[in-house]
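Protein chains get the first letters and strands the later ones, always in sequence-line order, with residue 1 at the start of each. When reading the values below, keep in mind they use all heavy atoms of this one structure, side chains included, and skip hydrogens, waters and symmetry mates.
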2 protein chains.
Amino acid sequence: MAFYSSVSAAALEQLNLPLYERIRINIQTRLVEQGWDPAQAIPTEQMLAQEYQVSIGTIRKAIERLVQEGLLYKAQGRGTFIRQPDFKDSLLRFFRYRDQEGKQTIPTGVVKSIKKVAPIKTINNHLKLADHMELIQLRRLRLVGSNVVLSEQIWLPESKFAPLLRFAPHEFGNLLYPFYYQHCGQFILSAKETLSFTSEQEDEDLNAHQGDLLVNIERIAYNLENQPVEYRVSLGQPENFKYELRIT
Amino acid sequence: MAFYSSVSAAALEQLNLPLYERIRINIQTRLVEQGWDPAQAIPTEQMLAQEYQVSIGTIRKAIERLVQEGLLYKAQGRGTFIRQPDFKDSLLRFFRYRDQEGKQTIPTGVVKSIKKVAPIKTINNHLKLADHMELIQLRRLRLVGSNVVLSEQIWLPESKFAPLLRFAPHEFGNLLYPFYYQHCGQFILSAKETLSFTSEQEDEDLNAHQGDLLVNIERIAYNLENQPVEYRVSLGQPENFKYELRIT
DNA sequence: AAGTGGTCTAGACCACTTA
DNA sequence: AAGTGGTCTAGACCACTTG
């Protein structure tokens with residue numbers, strides 16, 4: 001039983017939850033605590049069944065929810081792996097613009113500036129930071145060709161993301177989240193997005209003046225431990241925005 | 001085995017699918033074909049296991065997906081029931097307006113007119129109707145107090161919804177889908193929605209002129225057999241629209 | 001008290017992947 | 001060939017709802 005981590009021994013015994021739920025929590029905790037390699041399989045169902053001294057069906061039930069939530073995926077014959085989230089349902093994906101040939105294109109991201117800034121009360125609240133905690137602020141544009149289709153501001157807790165300050169804007173690639181993971185060990189697993197409208201914002205990159213109506217997408221992104229670690233505001237022109245979903 | 005409907009005997013034998021999937025399809029078909037009472041439980045897991053001559057675990061696996069998709073829900077100790085969909089994720093739900101006391105309110109629906117109209121090519125396409133099939137058109141407003149917050153146009157296939165033409169606009173209640181089911185036997189199970197923007201539309205109910213930017217929400221709603229049976233366009237002022245979602 | 005779905009077991013065999 | 005997850009069985013007992 002030395003296998004159980006400190007946190008989980010309590011979780012496994014105390015809570016009035018089904019066995020498979022307690023095991024699910026335990027597995028999730030282990031994955032988060034011990035760090036992990038997205039390329040390497042987690043222990044097999046057989047091994048987990050032995051380790052936890054339960055039947056394999058119970059292990060499968062425990063893992064089922066982790067798969068549904070997107071933390072894991074299964075590959076028959078290979079194993080069960082940590083999943084790289086792709087955010088394919090993000091509202092930002094629905095800003096599609098046509099290039100010269102009329103083809104739909106996903107904008108590329110370019111960081112324009114990065115700096116350390118003083119705490120901002122509302123943003124510290126969003127990130128569940130104490131009032132005195134400093135922030136890192138990025139300005140970033142999303143481009144199709146040379147057209148600016150989205151103008152972004154991003155705030156991160158300085159405590160977790162200080163290593164980013166060593167880089168110049170041009171050293172950031174197209175994608176930010178792999179960069180976060182590589183240099184700060186912060187793995188973004190999920191996010192909450194809000195779509196609304198504003199006519200209060202001015203934005204020279206978007207060529208928008210006070211009074212012009214813009215689409216305003218706020219995102220709070222969460223790491224593996226479900227802590228909010230990024231607050232982002234993206235502004236865009238509404239004309240070419242188109243969002244689809246299926247409901248029941 | 002007289003229990004199996006005509007459709008399903010084939011489905012159960014022929015397809016190269018897991019047993020629980022073939023049973024799932026069979027159960028789904030039965031629910032759709034035989035009509036049903038949302039207040040009455042479907043056969044118990046024990047009964048289904050006996051009827052299909054499989055173990056109860058297989059029945060549970062078959063029903064699991066129907067529950068996930070929203071067709072059924074389970075109530076421990078009572079049984080498994082057909083679910084009334086609530087469309088709680090609908091984009092339209094995110095038009096929230098404050099009343100005099102500043103409270104958030106969901107708009108009520110009022111039908112302004114209903115009439116039979118000639119085929120409309122794009123709409124017949126959306127509804128997968130032959131070009132010559134006639135339509136029923138409704139105008140409907142969504143109100144908070146006396147403020148118009150959404151202006152809707154709705155098209156239905158005349159072939160399925162003719163009974164609605166007997167009613168005057170004021171006889172339609174706040175909710176349309178129960179009305180469809182009651183009078184036309186069409187049960188709306190799911191829908192696809194698209195959010196975009198238009199400045200092409202004029203709308204006197206919304207007090208919007210050519211050139212004003214409006215939120216445009218299109219919905220195609222599907223019945224139990226997954227046929228598209230309603231096409232709806234809702235227009236609203238963007239100011240108070242706010243939409244949230246969680247992504248991974 | 002009777003009946004429902006919820007949890008859990010201890011296997012068996014199959015389908016697929018990798019070496 | 002060996003190892004993975006996928007399917008399926010035939011039960012047992014528990015938690016909850018209803019008469």
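Atom P of nucleotide dG6(C) and atom CG of Leu17(A) are separated by 16 Å, given to the nearest angstrom. Taking atom CD of residue Gln50(A) and atom P of nucleotide dT9(C), one finds them 14 Å apart after rounding to whole Å. Between the NZ atom of Lys61(A) and the C1' atom of dT9(C) there is a distance of 15 Å, given to the nearest Å. Per the geometry, CZ belonging to Arg22(A) stands 12 Å off P belonging to dT7(C), to the nearest Å. For the pair Ile63(B) CD1 and dC8(D) P, the interatomic distance rounds to 15 Å; values are reported in whole Å. The CD-C1' distance, from Gln53(B) to dC8(D), rounds to 14 Å in whole Å. For Glu64(A) and dT7(D), the CD to P distance is 11 Å, given to the nearest whole Å. If you measure from atom CG of Leu72(A) to atom P of dG6(D), you get 12 Å, rounded to the nearest angstrom.
Between Phe172(B) and Phe179(B), the ring-plane angle classifies as tilted under the 30° and 60° cut-offs. Note on ring orientation: taking the six-membered ring where Trp is involved, the planes of Phe167(B) and His183(B) are tilted (angle from 30° to 60°).
Between Lys74(B) and the phosphate of dT4(C), there is no side-chain N or O to OP1/OP2 separation shorter than 4.0 Å. Taking only side-chain nitrogens and oxygens, Thr44(B) never comes nearer than 4.0 Å to OP1 or OP2 of dG3(C). Neither OP1 nor OP2 of dT4(C) sits under 4.0 Å from any side-chain N or O of Thr80(B).
Gly70(B) and Leu189(B) make their closest contact through O-CD1, 4.2 Å (heavy atoms, listed as atom of the first residue, atom of the second, distance).
At a threshold of 4.0 Å, the pair Glu171(A)-Arg166(A) does not count as salt-bridged, since none of the basic side-chain nitrogens sits closer than that to a carboxylate oxygen.
Side-chain atoms of Tyr180(A) and Glu230(A) include a donor-acceptor pair closer than 3.5 Å.
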When every nucleotide of nucleotides 11-19 of chain C is labelled 5' to 3' by its protein contacts under 4.0 Å (heavy atoms), B for base, S for sugar-phosphate only, - for none, what sequence of letters results?
-> B---BBSS-
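Listed nucleotides: dG6(D), dT9(D), dC8(C). Nearest to the side chain of Arg60(A): dG6(D). Distance from the side chain of Tyr20(A) is smallest to dC8(C) among dC8(C), dG5(D), dT9(D).
Of the possible donor and acceptor atoms, none in the side chain of Asn223(A) sits under 3.5 Å from a partner among the backbone N and O of Ile188(A).
Atoms CD and CD1, on Glu152(B) and Ile154(B) in that order, are 5.0 Å from each other to the nearest 0.5 Å.
Side-chain contact between Tyr231(A) and Ile220(A) is present, with at least one heavy-atom pair separated by less than 4.5 Å.
Shown here are the side-chain contact (heavy atoms from CB on, under 4.5 Å) partners of Lys74(B), two or more places apart in sequence or in another chain: Glu45(B), Arg60(B), Ile63(B), Val67(B), Thr80(B).
Between the two ends of the helix from dA1(C)-dT18(D) to dT18(C)-dA1(D), each summarised by a five-pair axis, the helix axis turns through 10° (rounded to 10 degrees).
Across the interface with DNA chain C, nearest-nucleotide mapping of Thr58(A) and Gly79(B) shows Gly79(B) to be the residue nearer the 5′ end.
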